[in-house]
Amino acid sequence: KTYFPHFDLSPGSDQVRGHGKKVLGALGNAVKNVDNLSQAMAELSNLHAYNLRVDPVNFKLLSQCIQVVLAVHMGKDYTPEVHAAFDKFLSAVSAVLAEKYR
């Protein structure tokens, strides 16, 4: 509730689902621009650092949550190699989003 005091946080909430779509859309954009993450995520990094003032530790926490969801849904297909690849990618995205805090 710290960052979303105006959201309906009940299960199935349209607001939570909408924000989830935004997050996954941003990750999709990051995949498409993996060779230039800093430029691709610059606007989002500025928004979170200067306007929303999100604590950058939350980027890592979200990455871990995404990993858990992937593992649950992918089951045996979520191999150590897949885990390592997603971890590397999500860590890179988290680092780029946290760049403006330094």
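Here, residue 1 is the first one in the sequence, and each next residue gets the next number. All of these numbers come straight from a predicted model, not from anything done at the bench. All values below come from the heavy atoms of this structure, side chains included, with hydrogens, waters and symmetry mates left out.
K100 approaches A42 most closely through the heavy-atom pair CE-O, 4.4 Å. Contact record, V31 with F89: CG2-CZ, 3.6 Å, taken as the closest heavy-atom pair. Across every non-hydrogen atom of F7 and H19, the tightest pair is CE2-CB, 3.9 Å. For S45 against L97, the heavy-atom pair with the smallest separation is OG-O, 3.2 Å. Between V82 and D77, the shortest heavy-atom contact is CG2-O, 3.7 Å. Nearest heavy atoms, A40 versus N33: CB-CB, 3.4 Å.
Going from atom CG of L44 over to atom CG of N29 covers 9.0 Å, rounded to the nearest 0.5 Å. From N58, atom CG reaches atom SG of C65 across 9.5 Å, with rounding to the nearest 0.5 Å. Between the CG atom in L70 and the CG atom in D87 there is a gap of 11.5 Å [rounded to 0.5 Å]. Note that CE of M74 and OG1 of T79 are 7.0 Å apart. Values are rounded to the nearest 0.5 Å.
Transitive grouping of hydrophobic side chains (ILVMFWY, heavy atoms separated by less than 4.5 Å) brings L24 and F4 into a common cluster. Under the 4.5 Å side-chain heavy-atom criterion for ILVMFWY residues, no single connected hydrophobic cluster contains both Y50 and M41. Residues L52 and V93 fall within the same hydrophobic cluster, defined by Ile, Leu, Val, Met, Phe, Trp and Tyr side chains chained together at heavy-atom separations under 4.5 Å. Following chains of ILVMFWY side-chain contacts shorter than 4.5 Å, one can reach V23 starting from L9, so the two form part of one hydrophobic cluster. L47 and L62 fall within a single hydrophobic cluster, where Ile, Leu, Val, Met, Phe, Trp and Tyr are joined by side-chain heavy atoms under 4.5 Å apart, directly or via other members.
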Tell me, with the steps shown, if D8 and D14 meet side chain to side chain contact (heavy atoms under 4.5 Å, CB included).
CA-CA 8 Å; D8 167 15; D14 287 340; over 6 Å; no
Output, in order, the C-alpha distance, side-chain angles, deciding distance and verdict of side chain to side chain contact (heavy atoms under 4.5 Å, CB included) for F59 and V54.
CA-CA 9 Å; F59 302 134; V54 173; 4.2 Å; yes
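In this structure, the side chain of S10 does not engage the main chain of S13 through any donor-acceptor pair within 3.5 Å.
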